[in-house]
Amino acid sequence: MSLTHFDASGQAHMVDVSGKEATVREAVAQGCVAMTAETLALAQGGAKKGDVLGVARLAGIMAAKRTADLIPLCHPLPISKVSLDLEPDYALPGIRVTATVRTTGRTGVEMEALTAVSVACLTIYDMLKAAEKSMTIRDIRLVRKSGGKSGDYEVNL
């Protein structure tokens with residue numbers, strides 16, 4: 001299998017998508033921030049910095065829109081939807097983050113969804129680190145994508 005971001009001589013390049021058909025494309029990514037039950041309680045309303053989950057949601061949305069500025073070979077895309085769900089998971093304990101990104105374009109939005117989750121998780125960590133520096137960010141992955149030449153993908157959860 002050849003990697004699309006390298007030319008025949010092995011040099012990195014931006015993939016030419018000009019010949020692709022514009023289609024509706026959607027990607028869903030997930031990740032989590034694991035923490036103690038006490039820190040989870042702070043995340044749900046008692047943190048001194050304010051609304052942890054609300055700020056993390058906005059950070060994820062902003063990050064999705066700036067993905068091409070962060071990942072060198074990503075195409076800037078006209079994103080039509082970004083949503084983030086941040087759910088407390090008492091069994092973890094921690095916060096599970098899910099990002100859904102949609103566009104109509106010639107390339108997918110997997111990187112935008114993954115970036116949204118990553119930055120939302122980093123924001124949660126930043127806002128709660130005074131309470132717990134040992135939190136872990138983990139399990140960031142693409143769980144579903146649709147549209148485009150390569151078709152649909154869904155991870156077996």
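These numbers come from a predicted model, not from an experiment.
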Using the rule that two of Ile, Leu, Val, Met, Phe, Trp, Tyr join whenever any of their side-chain heavy atoms come within less than 4.5 Å, decide whether Leu53 and Leu92 are in one cluster.
no
Residue pairs passing the salt bridge (charged side-chain N to carboxylate O under 4.0 Å, His left out) test with at least one member in residues 22-35, sequence neighbours excluded, are Glu26-Arg102
With sequence neighbours excluded, what pairs up with Glu132 under the side chain to side chain contact (heavy atoms under 4.5 Å, CB included) test?
Met35, Thr36, Thr39, Ser134, Met135
Distance-minimising heavy-atom pair for Val97 and Ala120
CG1-CB, 3.9 Å
May I have all residue pairs that pass salt bridge (charged side-chain N to carboxylate O under 4.0 Å, His left out) and include part of residues 60-83, sequence neighbours excluded?
Arg66-Asp69
Interatomic distance, CG@Asp85 vs CD@Glu87, rounded to 0.5 Å, equals 6.0 Å
Take Thr98 and Leu84, measure what side chain to side chain contact (heavy atoms under 4.5 Å, CB included) needs, and give me the verdict at the end.
CA-CA 6 Å; Thr98 303; Leu84 275 92; over 6 Å; no
Decide yes or no on side chain to side chain contact (heavy atoms under 4.5 Å, CB included) for Gln30 and Val117, but give the supporting numbers first.
CA-CA 6 Å; Gln30 291 180 339; Val117 167; 5.6 Å; no
Side chains of Ser150 and Lys145, donor plus acceptor under 3.5 Å:
yes
side-chain contact (heavy atoms from CB on, under 4.5 Å) partner of Leu128, chosen from Ile95, Thr123, Leu42:
Leu42
So how far is it from Ile137 CD1 to Leu122 CG, rounded to the nearest 0.5 Å?
4.5 Å
Could you state the interatomic distance from OG1 (Thr23) to NZ (Lys149), rounded to the nearest 0.5 Å?
12.5 Å
Just by modelled atom types, is the Pro78 backbone N or O under 3.5 Å from a matching donor or acceptor in the Thr103 side chain?
yes
With clusters defined by side-chain heavy atoms of hydrophobic residues (ILVMFWY) lying less than 4.5 Å apart, directly or transitively, does Ile71 cluster with Met62?
no
Do Leu142 and Val119 belong together in a cluster built from hydrophobic side chains that touch within less than 4.5 Å?
no
Hits for salt bridge (charged side-chain N to carboxylate O under 4.0 Å, His left out) against Glu110, two or more places apart or cross-chain, chain-then-number order -> none
Rounded to the nearest 0.5 Å, how far does CG of Asp126 lie from SG of Cys121?
13.0 Å
When hydrophobic residues are tied together by side-chain contacts of less than 4.5 Å, even through go-betweens, does Ile140 share a cluster with Val82?
yes
Asp89: which residues meet the salt bridge (charged side-chain N to carboxylate O under 4.0 Å, His left out) condition with it, sequence neighbours left out?
Arg96
Separation between CD1 (Ile124) and NZ (Lys129), nearest 0.5 Å, reads 13.5 Å
Residues at least two apart in sequence or cross-chain that pass salt bridge (charged side-chain N to carboxylate O under 4.0 Å, His left out) with Arg144, listed by chain then number, are none
Looking at Tyr90 and Ala37, would you say the former's side chain and the latter's main chain have a donor-acceptor pair under 3.5 Å?
no
Can Leu58 be reached from Val52 by stepping across I, L, V, M, F, W or Y side chains whose heavy atoms are under 4.5 Å apart?
no
